[in-house]
Amino acid sequence: MVKAVVCGAAGGIGQPLSLLLKLNPLITELALYDVVNALGVAADLSHIPTPAQVTGYLPPDNGAEKALKGADIVVIPAGVPRKPGMTRDDLFVNAGICATLAQAIANAAPKAFILVISNPVNSTVPVFAETLKKAGVFDPKRLLGVSHLDVIRASTFVASVLGKPTEAQKYTIPVVGGHSGATILPLLSQTKPAIPDILADKEKRDALVNRIQFGGDEVVKAKDGAGSATLSMAQAGAEFANFVIDAAFGGKKGKVVQSYINLAADAGGEAIKKEIGAELDYFSVNIELGPNGIEKILPIGQLDDVEKGLLEAAVKELGPSIDKGAAFQPAPPKL
């Protein structure tokens, strides 16, 4: 019996994400919240014959907290999308929305797993953390920034460069750091199976790293003002949510993923700070999932010289984004 909630369920990410979560047989209750159209999306999805019973909620009559009451997992794609010329950092306007939703979660579902998709993730995860801290319910093991789209892009793009586009799912590439531009650090040297031909070709490797880091720009440009990566983000978000649900409620052990987290979630966080050579409170790292969310923070591992340079650039850019989110003082609108 798992209750999942999607906040921002009627948007470009929220609708396909909600559809994909409706297909998870472990979810028995799916609550959809948004400022508009959530009731229609819920009615539509409710006709699909899977266990999840779907309800929709709007802001009136404390709709957010009604949606969140008793939630086991909350997935949050709420906020405005990117448009051409915008960076993810330009979306800091979403911070107020995130603070408002964090307060609602603190009030109605303080023990829920919280999966943050709303950009800029490098800043919005700290916004969630600070709001939850002020409410006295912050558990770093249960707050996860969803950087998983970078991971699935890496698999897709590596397979494409190798001339094996149909075999993308065979390639596993850890992606650490953050979830925006130069903060995204794909560890190509740790790819399984190994890709020596790409690593040996500087031009090919540089282009691949750049595409993984700025793949979202491709979509923003192609949609020509009509939005950003919504369908691929929904798939990545649903897959990541399913990993968390399987580990927390399905008894699956040993699942290692990357997620942008507060490094206080586990003792391994201090080792990460030594690995990256910086006192950052947040970083996307290898984590092992379990019943409590983040069971272990695992080492980043061996980096080659190219990756050491990329790490330095990632750390430099990530620090100010974290500070911006942590220092945010909300004057959020009423839900």
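F157 is listed as a side-chain neighbour of L208, based on a closest heavy-atom distance under 4.5 Å. The side-chain heavy atoms of N286 and P174, taken from C-beta on, include a pair separated by under 4.5 Å. Counting heavy atoms from C-beta on, the side chains of S321 and T183 never come closer than 4.5 Å. Between D197 and I195, every side-chain heavy-atom pair lies at or beyond the 4.5 Å cut-off. For the pair F283/L318, a side-chain contact is recorded, criterion being any heavy-atom separation below 4.5 Å from C-beta on. E312 places none of its side-chain heavy atoms less than 4.5 Å from the side chain of L310. In this structure, Y282 and L263 have side chains that are not in contact, with every pair of non-hydrogen atoms separated by 4.5 Å or more.
Annotation: K273, atom NZ; neighbour count of heavy atoms from other residues, nucleotides and ligands within 6.0 Å is above 12. In the displayed structure, K69 atom NZ is contacted under 6.0 Å by at most 12 heavy atoms of other residues, nucleotides or ligands.
With hydrogens and angles ignored, the 3.5 Å screen pairs no side-chain donor or acceptor of N262 with any backbone N or O of P140. Judged purely by atom type and a 3.5 angstrom limit, Q190 uses its side chain to pair as donor or acceptor with the backbone of Q302. Between the Y260 side chain and the N122 main chain, a donor and an acceptor come within less than 3.5 Å of each other. Although no hydrogens or angles enter the test, the distance criterion places no donor-acceptor pair under 3.5 Å between the side chain of S160 and the main chain of T156. Remark: the backbone N or O of A229 is not paired with any side-chain donor or acceptor of S232 at under 3.5 angstrom. In terms of modelled atom types and a separation under 3.5 Å, the side chain of R142 and the main chain of K111 share a donor-acceptor contact. Between the side chain of Q15 and the main chain of A10, a donor-acceptor pair closer than 3.5 Å is present. Remark: the backbone N or O of K22 is paired with a side-chain donor or acceptor of T50 at under 3.5 angstrom. In this structure, D201 contributes its side chain and K204 its backbone to a donor-acceptor pair below 3.5 Å. Within the 3.5 Å criterion, the main-chain N or O of G301 finds a donor-acceptor partner in the side chain of E275.
Summarising the hydrophobic clusters (Ile, Leu, Val, Met, Phe, Trp, Tyr; side-chain heavy atoms under 4.5 Å, direct or chained), the residues clustered with L58 are L39. Clustering of Ile, Leu, Val, Met, Phe, Trp and Tyr by side-chain heavy atoms under 4.5 Å joins V256 with L298.
In the model, T124 has no side-chain atom that pairs as donor or acceptor with a side-chain atom of N119 under 3.5 Å. Between the side chains of E239 and H148, a donor-acceptor pair is found at a separation under 3.5 Å. A donor-acceptor contact closer than 3.5 angstrom links the side chains of D150 and H179. In this structure, a donor-acceptor pair under 3.5 Å is present between the side chains of E307 and S189. Between the side chains of K223 and T230, at least one donor-acceptor pair of N or O atoms lies under 3.5 Å.
With salt bridges taken as basic N to acidic carboxylate O contacts below 4.0 Å, none links D139 and K133. Looking at D206 and K202, a side-chain N of the basic residue comes within less than 4.0 Å of a carboxylate O on the acidic one, giving a salt bridge. Comment: E288 does not engage K253 in a salt bridge, judged by the lack of any side-chain N to carboxylate O separation of less than 4.0 angstrom.
Closest approach of L101 and A78 over heavy atoms only: CD1-CB, 3.8 Å. S18 and L32 get closest at one heavy-atom pair: OG-CD2, 3.4 Å. The minimum heavy-atom distance between A9 and V41, with the atom names listed, is O-CG1, 4.1 Å. The heavy-atom pair separating L68 from V5 by the smallest distance is CD2-CG1, 3.9 Å. Of all heavy-atom pairs spanning C98 and F128, the tightest one is CB-CE1, 3.4 Å. Heavy atoms only, all atoms of each residue included: I117 and G237 are closest at CD1-CA, 4.2 Å.
Y57 does not carry K66 over the face of its six-membered ring by the limits of under 6.0 Å from the centre and within 45° of the normal.
A salt bridge (Lys or Arg N to Asp or Glu O under 4.0 Å) check over residues 315-329, counting only residues at least two apart or in different chains, returns the pairs D89-K324.
Atom-to-atom distance recorded for I245:CD1 and I73:CD1 is 4.5 Å, nearest 0.5 angstrom. The distance from atom NZ of K141 to atom CD1 of I297, rounded to the nearest 0.5 Å, is 7.5 Å. K255 contributes atom NZ, which lies 8.5 Å from atom CG of L289 (distance to the nearest 0.5 angstrom). One distance of note links CD1 of I300 with OG of S284; it measures 9.0 Å at 0.5 Å rounding.
Ring centroid separation for the pair F92 and F328 comes in under the 6.0 Å cut-off.
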Intermediate values then yes/no, side chain to side chain contact (heavy atoms under 4.5 Å, CB included), L149 and F240: CA-CA 9 Å; L149 179 54; F240 188 82; over 6 Å; no

